[in-house]
Each structure stands twice: as structure tokens, then as C-alpha cells.
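What follows is a set of notes on a single structure, which appears directly below.
Predicted model only: the values in this text are computed from it and were never measured. The figures that follow rest on heavy atoms only: side chains count, while hydrogens, waters and symmetry mates do not.
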Amino acid sequence: MFVSLEGPDGVGKTTQAALLAERLRAEGCEVVQCREPGGTELGERARALLLDPAVTMGDRAEALLFAAARAELTQEVIAPALDRGAWIVCDRFIDSSLVYQGLGRGLGVEPIRDVSLFATGGILPARTLVLHGVDRRDDEPDRMEAAGANFHARVAEGFLELVALAPDRVRLVDARGGESEVAARIWAALEGLQP
């Protein structure tokens, strides 16, 4: 079963992904935890470029670099784990590109969806959990976090719009409150998924 956690920067995805993986393991599940971009040698190198505030790149190059990292992660990590029947808990996936590059950068949802689905061979998360309601961005922003207030407003709104784009798999999860409160909401949002 493939689950991704999404949301604006600083909303707590990484912490909650770790807590979810821990709970699934406690339930006796095999869990593969990954992040996007990252999780492979190519993905980690792409991540370094994408987040480096000293690197300048065009919006289309950014979108394609994310897609290349996603293709490698899907081929090397996600597809084999799905074949084994493992749970995959991924910190970001295709929906981040739909929002950040499609809406935030203004490249359009359709072209970003098309290139992302090509990159993943059509593999999508069974459930995407969008954390929202808090803003805890870093004081020392990376390249994406430093994109400006208007960009981040479009991104925050875009994540809320994901439910309309994919209502069968996307659930909004309120990220306000303590870690255990949010973790309980995430667990409830997975109801109905079968491994």
C-alpha cells in the first residue's frame, strides 16, 4: 500500500511520516519509508541541486528534475516494495509537483501530471494525506522556501485544491495540535485501505 504525505513547507510531514511508519511496523507491516526528491543516489543529487539557494534554474528545468528523481525512486524503491506487498510511506510525491510547479510556478496541472505519470509509469499513491493549517517555515530557507510570499500563498491554496483534483485518494488532515493528535488524525484518514 502506497501512502504519501503532502503539504506546504514546515507543516510537519517528515515527523508524521516517521510516526506513521513506526505505527505500521508496530502493527506487523513491512514499511519502506522514503522522501521525494531523494531515496536514491540520483534522487539525492537532484535534491541537492533543487534545494540549493545558490543554484538558479528555470521553472521547466525544475519540474523535469523533480520528475527524473521521481522516476528513479519509483523504479528502484517504490515499485519493488509494492510488488512485495510492503507499505510505502513517502514524504512528498507527484502531488507536490502538481502544486509547486503546476500551480505555484504556473506551468499548469495537466503538463505536470502528464510528465509525472510518465516518470512513475502510472504509479500513484493509494492515499495522499495533505497536512494543512500551520506554517513553520525555516529561518534559513532553501531554494524552494525562499521563493516568496505570493508563491507560498499559491502553494498553500493549491494543496487545499488537491481534494477537488483527486477526491478518490486525497484527504485533508489538520496539522494543528500536538504530534500525537495529528498522528491520530492521519491514522483515521487511512481508514478503508487494505494492504
Side-chain angles (χ1 to χ4, degrees), residues 1-8 13-14 16-17 20-21 24 29-47 49-51 57-132 144 154-155 158-173 186 189-195:
M1 191 62 53
F2 182 12
V3 176
S4 65
L5 278 76
E6 296 281 1
K13 294 173 310 307
T14 303
Q16 290 301 324
L20 176 57
L24 287 165
C29 301
E30 178 191 353
V31 180
V32 174
Q33 193 175 346
C34 51
R35 68 179 183 175
E36 226 253 347
T40 66
E41 184 177 350
L42 184 145
E44 292 299 329
R45 289 183 184 204
R47 180 183 189 86
L49 282 171
L50 286 160
L51 299 182
M57 71 179 69
D59 296 343
R60 283 183 173 81
E62 178 184 277
L64 292 169
L65 194 50
F66 274 113
R70 183 171 301 123
E72 196 75 359
L73 180 66
T74 302
Q75 179 178 318
E76 287 190 21
V77 178
I78 293 172
L82 286 172
D83 289 345
R84 290 193 313 272
W87 280 78
I88 297 101
V89 177
C90 196
D91 182 346
R92 296 201 183 279
F93 199 64
I94 188 174
D95 297 294
S96 279
S97 283
L98 296 179
V99 171
Y100 277 86
Q101 285 74 49
L103 298 171
R105 300 288 192 210
L107 296 176
V109 170
E110 297 288 327
I112 298 301
R113 180 183 293 138
D114 291 347
V115 75
S116 294
L117 289 174
F118 173 75
T120 68
I123 292 176
L124 287 170
R127 182 72 40 91
T128 296
L129 307 172
V130 176
L131 279 65
H132 70 97
M144 298 299 291
R154 289 190 304 274
V155 164
F159 275 115
L160 296 178
E161 291 174 22
L162 278 177
V163 175
L165 293 174
D168 55 324
R169 68 178 176 83
V170 177
R171 304 289 184 274
L172 293 177
V173 177
I186 286 172
L190 295 177
E191 186 176 343
L193 287 184
Q194 299 297 321

Item to complete: In sequence, state the C-alpha distance, the side-chain angles, and the governing distance for Leu64 and Val115, and then conclude on side-chain contact (heavy atoms from CB on, under 4.5 Å).
Response: CA-CA 8 Å; Leu64 292 169; Val115 75; 3.8 Å; yes
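- Nearest heavy-atom pair across Val77 and Gly39 is CG2-O, 3.8 Å.
- Of all heavy-atom pairs between Val130 and Gly7, the closest is CG1-CA, 4.4 Å.
- Inter-residue side-chain proximity for Lys13 and Leu129 is flagged as unmet; no heavy-atom pair is nearer than 4.5 Å.
- A 4.5 Å side-chain heavy-atom check between Cys90 and Leu73 finds at least one atom pair inside the cut-off.
- Annotation: side chain of Leu5 is not in contact with side chain of Asp91 (no heavy-atom distance under 4.5 Å).
- A 4.5 Å side-chain heavy-atom check between His132 and Phe159 finds every atom pair outside the cut-off.
- Here the side chain of Glu62 pairs no donor or acceptor atom with the backbone of Met57 at under 3.5 angstrom.
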Practice prompt. Walk me through it: do Glu44 and Arg35 pass the test salt bridge (charged side-chain N to carboxylate O under 4.0 Å, His left out)?
Written response: CA-CA 10 Å; Glu44 292 299 329; Arg35 68 179 183 175; 2.6 Å; yes
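- Separation of atoms CG (Leu124) and CZ (Arg127) is listed at 13.5 Å; rounding is to 0.5 Å.
- Distance check, rounded to the nearest 0.5 Å: CG of Leu20 to CH2 of Trp87 gives 7.5 Å.
- Counting heavy atoms from C-beta on, the side chains of Arg92 and Tyr100 come closer than 4.5 Å.
- To the nearest 0.5 Å, atom CG of residue Leu42 and atom CZ of residue Arg45 are 8.5 Å apart.
- At a threshold of 4.5 Å between non-hydrogen side-chain atoms, the residues Asp95 and Arg169 count as touching.
- Residues Ser116 and Arg70 have side chains that bring a donor and an acceptor to within less than 3.5 angstrom of each other.
- You'll find the side chain of Arg105 stays beyond 4.5 Å of the side chain of Ile112, heavy atoms only.
- Note that CG of Leu24 is 10.5 Å distant from CE of Met1, once rounded to the nearest 0.5 Å.
- Here the options are Val109, Leu103, Val99, Leu98, the test is side-chain contact (heavy atoms from CB on, under 4.5 Å), and the partner is Glu161; only Leu103 passes.
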Worksheet item: Given the rule in the side-chain contact (heavy atoms from CB on, under 4.5 Å) test, do Gln16 and Val173 qualify, once you have shown the distances and angles that lead to the verdict?
Response: CA-CA 11 Å; Gln16 290 301 324; Val173 177; over 6 Å; no
Practice prompt. Step by step, work out the side-chain contact (heavy atoms from CB on, under 4.5 Å) result for Leu50 and Phe66.
Written response: CA-CA 8 Å; Leu50 286 160; Phe66 274 113; 3.7 Å; yes
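- Atom CG in Leu117 sits 4.0 Å away from atom CD1 in Ile94 (nearest 0.5 Å).
- Expressed to the nearest 0.5 Å, how far CZ of Phe2 lies from OG1 of Thr120 amounts to 8.5 Å.
- The shortest heavy-atom contact between Gly43 and Thr40 is N-OG1, 2.8 Å.
- Taking the side chain as every heavy atom from C-beta outward, Ile186 and Val3 never approach each other to under 4.5 Å.
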